[in-house]
Number of protein chains: 2
Amino acid sequence: MARVGLTPERLARAGAELADEVGFDQVTVSALARRFDVKAASLYAHVRSSQDLRTRIALLALEELADRAADALAGRAGKDALTALANVYRDYAREHPGRYAAAQLRLDPETAAASAGVRHAQMTRALLRGYALTEPDQTHAVRLLGSVFHGYVSLELAGGFSHSAPDSQQSWTRVLDALDALLRNWPAPTAP
Amino acid sequence: MARVGLTPERLARAGAELADEVGFDQVTVSALARRFDVKAASLYAHVRSSQDLRTRIALLALEELADRAADALAGRAGKDALTALANVYRDYAREHPGRYAAAQLRLDPETAAASAGVRHAQMTRALLRGYALTEPDQTHAVRLLGSVFHGYVSLELAGGFSHSAPDSQQSWTRVLDALDALLRNWPAPTAP
DNA sequence: TGCATCTTCCTACAGGCTATAGGCAAATAT
DNA sequence: ATATTTGCCTATAGCCTGTAGGAAGATGCA
């Protein structure tokens, strides 16, 4: 009986590739087993469940994304950094739609806390040091940026911006212009 | 044999309720059949497939959301309208997480074109008439608003903003302040 | 080298979901 | 009252998840 040499890590990597090819929610233990030419039951020696497999793929994706983001931010500041970080998310989603979808998987709190997700928040916060924001406003801005990046990328990926002029790239550029302007000129709270 | 009186519409409505209770991706033909105390095969007389069922739920949710949005926008303009529309999305997602998730289902182009999705875009565009934006900028702004609303709501729903100060409601308010300021002061494109 | 042990992958199986085919009974039309 | 349509049924096949227990390859140690 030839041994294929399965490990949780190899399964996660192969699962990530599979996700990019067929979509994250089409990633099943069965399909992954077929890819290794192995029976599905064999995989359960390495992953606890289908959910466990998906979680590992999600963690892999979050890690990859955080690495790319750290790379992109190195040596940049201000709008340059903003654009670089934003493009990391957008490009990753376009190159690896399945992995990007995986990164959105809802993790239980302790898994999330131990994931690369926290690095993402830290990097966004670091980016904002290039803008003059008070502490609570920094948090609001972190949340806004996360929302725009995630929202834009997922709407674009869902096809929301295709088949209508102007093309999505132009809107993306202008949205980043707008965000930069907003951060440089962050408004005071309105009177309640 | 007692007849239950199933119709595609009733199935979609019950499916929407089920989605809110157990999550949209836990909505199955089987589970829905159990809810009507009927065999799963019977449902296939009314919906073509599991995917068809999900699509009907998605269309229902889009419609409900559009109705609420139209209601909220009536008689409002400017920031008042912006806030009202934004809160429609956020409140709907909190009240009906399953339906909200359904509304994100990727529809094939012709289904999407015939859905209430187009009303959403129209309403956002109408809202922007309260701000002085040139035509192409209006499109960029529509996309930005869509991104922020969807991004914020889905990150919040995924638990991204819980367990950290300040609370999400404050960020939401400040994000809307910021968007209003941005729309009132939309920047010209930066030099390429 | 020889043997014990552990690991890896196997077969077998149970349970759940999707989907189709064909049947019987209730509702409706004539 | 009878004929037709409609609604829900049983039966069945295929695929996926997950568990249990078995057999062959890898590893370690005398």
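Note on naming: letters A, B, ... go to the chains in the order of the sequence lines (proteins, then strands), and numbering restarts at 1 for each one.
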L32(A) atom CG is separated from dC9(C) atom C1', nearest whole Å, by 15 Å
Counting the atoms with a prime plus P, OP1 and OP2 as sugar-phosphate, which does T28(B) contact under 4.0 Å by heavy atoms, base, sugar-phosphate, or nothing? sugar-phosphate
dC10(C) phosphate, OP1 or OP2, under 4.0 Å from R3(A) side-chain N/O: no
From NZ of K39(A) across to C1' of dC16(D) the rounded distance in Å is 14 Å
Rounded to whole Å, the CD-C1' distance (Q26(A) to dT17(D)) equals 16 Å
**Message:** Is it true that S154(B) and Y100(B) share a donor-acceptor pair across their side chains at a distance under 3.5 Å?
**Reply:** no
In whole angstroms, the gap separating C1' of dG16(C) from CZ of R34(B) amounts to 8 Å
request  = State whether a side-chain donor-acceptor pair under 3.5 Å links Q169(A) with R90(A).
outcome  = yes
Atom CG of D37(B) and atom P of dG7(D) are separated, to the nearest Å, by 19 Å
- Task: Report yes if the side chains of T124(A) and F149(A) come closer than 4.5 Å at any heavy-atom pair, otherwise no.
- Result: no
Sorted by number, residues from residues 42-55 of chain A placing a heavy atom under 4.0 Å from DNA chain C are S42(A), H46(A)
Closest non-hydrogen atoms of A72(A) and V88(A), given as atom of the first, atom of the second and distance, are CB-CG2, 3.4 Å
Separation of dC9(C) atom C1' from L11(A) atom CG, nearest Å, is 13 Å
Checklist entry - Reckon A41(B) touches a base, only the sugar-phosphate, or nothing at all at heavy-atom distances under 4.0 Å? => result base
Rounded to whole Å, CG of L18(B) lies from P of dC17(C) at a distance of 11 Å
Salt-bridged, K79(B) to D177(B), with N to O below 4.0 Å? yes
Of the candidates dC17(C), dC10(C), dC8(D), the side chain of V38(A) sits closest to dC10(C)
Using a 4.5 Å cut-off on heavy atoms from C-beta on, say whether the side chain of P136(B) contacts that of T139(B).
no
Between Y92(B) and H96(B), is a ring pair (Phe, Tyr, Trp, His ring centres under 6.0 Å) present by the stated rule, with each step listed? CA-CA 6 Å; Y92(B) 190 79; H96(B) 300 295; 5.3 Å; yes
Taken to the nearest whole Å, CZ/F36(A) to P/dC10(C) is 12 Å
